[in-house]
Amino acid sequence: MKIINEKVDVLVAGGGTAGHVAAIQAGRARVKTAVIEAGTMLGGTMTSGGVYMPNHYYSPQGPVVLGIAWELYKTSMEIEGLPIPDYRKRRPVENPGYYSYINVPLYSAVAEAAAVKAGVNIHYHEFIGEVKPDGNVWEITSFGRGIKRITRAKEIIDCTGDCDVLRALGLGVLRAKERQPGAYQYKIEGIDYEQIWDEEVQIMYKEAMDKGTIKKGDYAYLDSLPFKYYLNHGGHNGTHVYDADTSTADGQTRVNIEGRERMLRMYKFVRTSIPGCERSVLKYMASHGLARETYRTKGEYIITKQDFLNAVNFEDKICNAFNYIDMHNEKTGCDVYFHESREMVPVVPFRALIPKGSSRITVAGRIVSADRVSLAGIRAQCTCMAMGQAMGAAAALAIKKGVPSREIDAKDIVALTVEHGACPIK
Ligand SMILES: Cc1cc2nc3c(=O)[nH]c(=O)nc-3n(C[C@H](O)[C@H](O)[C@H](O)COP(=O)(O)OP(=O)(O)OC[C@H]3O[C@@H](n4cnc5c(N)ncnc54)[C@H](O)[C@@H]3O)c2cc1C
């Protein structure tokens, strides 16, 4: 096995939704940055995971997340020749969401090119195993095929989605007994929607459930949304995997196998039983199954449901977190809670991205320090990317000032992200 030593200022652990933006921001702020990513491309859940719907760049009041996240989205849309949706024209409906879709191959290639241009060292197919302090630097050991890399970094941003770095360091993490179901992403195409009758397919779905042809969770939304919803989306984002825990290789393997079993069962049912689906094709399958939550950071502050729903304007806010609470569960499929007023935009405080009692390490993404319910709103992709940009900026400022990131003023973090195109926060 080849042993490689690398010295950087900032190590981004995980190049997923939050991590790719964190790495680009740190690189653009001209500090030496590396990202170690277990998968094969940047973007994580939003690219290889198949959840290609980043929420929300805009609220009904205007932009809430711009910066690097918006730039990569816009660039990939432009390459594809697609117009950027005019978010101002959205009608006032109950759901305040402004949905956007990315093209996974284009987006991941655009993100990778931006990271390379920013001078970020990208290391794919490597898992971070061990992390330990060595004086004022971190020593991070990662393993890839034929490689053991020892990275020495002054600052780490844990963007692993499962608190891998915090757990390796023995820092505090939160974990609930009951967790939201995970999922497996795939897409069925070639459905002849003119042949689909809502009432008829609802009856067929119920009969298939009663007979055991398909199982609870194969269709995620059970009784909360009619079965036509599944067909309308070609099954995409429509299958749950209960008790999904991707924080270990064994857990990930279980989610992959169960997710694909569910996908096969549903495709067979749809193609052979539902008029209009005879010529449907199983066209797309993500590379791996997903968890919505595993471990969360025990941070200097834990965001609560009340904080989120009341849109508390924290003094140390570093980015917006506009979304509704999207709480998936095994009983109804999904429960959704909206803010009282469409004008409310929650924010993320810097303290929720600093592990309690730690120094020179921050987190970004769905491992933000939050209670379960508020996390079901904060974990949206645009918020994860905005947290990533903010923590990339915090780490860069820390390196330049020669102090730990926790000592950086939140206002200076926001100022640097705004210099790099991010939305000013109200
Ligand atoms: C089924 C599902 C549907 C969703 N729907 C939506 C939606 O419609 N819109 C929306 O905005 N949000 C949605 N979300 C939420 C959102 O996608 C996630 O909360 C968000 O993508 C998480 O980002 P992250 O950066 O924390 O983690 P990820 O994007 O998962 O990134 C973590 C990265 O870290 C890497 N990694 C992990 N451990 C290690 C290690 N030890 N060493 C090296 N690399 C490592 C992983 O390979 C991965 O690339 C959904 C989530 C799920 C699961």
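Each ligand, and each atom within it, is numbered from 1 in the order the structure gives. Since the model is a prediction, treat every value here as computed from it, not as a measurement.
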Student: So that I can tick it off, tell me whether Arg179 and Asp243 are bridged by a salt bridge, with the cut-off set at under 4.0 angstrom between side-chain N and carboxylate O.
Tutor: yes
Student: Is any side-chain N of the basic residue among Arg152 and Glu6 closer than 4.0 Å to the acidic one's carboxylate O?
Tutor: no
Student: With Arg271, which residues qualify under salt bridge (charged side-chain N to carboxylate O under 4.0 Å, His left out), at least two apart?
Tutor: none
Student: Which N or O atoms of ligand 1 sit under 3.5 Å from a protein N or O, and how far apart is each pair?
Tutor:
residue, atom, partner, partner atom, Å
ligand 1, 9 (N), Met53, O, 2.7
ligand 1, 11 (O), Met53, O, 3.4
ligand 1, 11 (O), Asn55, N, 2.9
ligand 1, 11 (O), Gln381, N, 2.8
ligand 1, 17 (O), Gln381, NE2, 3.0
ligand 1, 19 (O), Arg379, O, 2.7
ligand 1, 21 (O), Thr17, OG1, 2.8
ligand 1, 23 (O), Thr17, OG1, 3.3
ligand 1, 25 (O), Thr17, N, 3.3
ligand 1, 25 (O), Ala18, N, 2.9
ligand 1, 26 (O), Arg366, N, 2.8
ligand 1, 29 (O), Thr17, N, 3.0
ligand 1, 29 (O), Thr17, OG1, 2.6
ligand 1, 29 (O), Thr45, N, 3.0
ligand 1, 29 (O), Thr45, OG1, 3.4
ligand 1, 30 (O), Thr45, OG1, 2.7
ligand 1, 38 (N), Asp164, OD2, 3.2
ligand 1, 41 (N), Ile128, O, 3.3
ligand 1, 41 (N), Asp164, OD2, 2.7
ligand 1, 42 (N), Ile128, N, 3.0
ligand 1, 44 (N), Ala38, N, 3.1
ligand 1, 47 (O), Glu37, OE2, 2.7
ligand 1, 49 (O), Glu37, OE1, 2.7
ligand 1, 49 (O), Glu37, OE2, 3.0

Student: Quick test of your reading: applying ring pair (Phe, Tyr, Trp, His ring centres under 6.0 Å), list the pairs with at least one residue in residues 7-43, sequence neighbours left out, ordered by first then second residue.
Tutor: His20-Tyr107
Student: Suppose we screen for side chain to side chain donor-acceptor pair (under 3.5 Å). Which residues come up paired with Tyr57, at least two apart in sequence or across chains?
Tutor: none
Student: Is a salt bridge present between Arg175 and Asp245, judged by a nitrogen-to-oxygen distance below 4.0 Å?
Tutor: yes
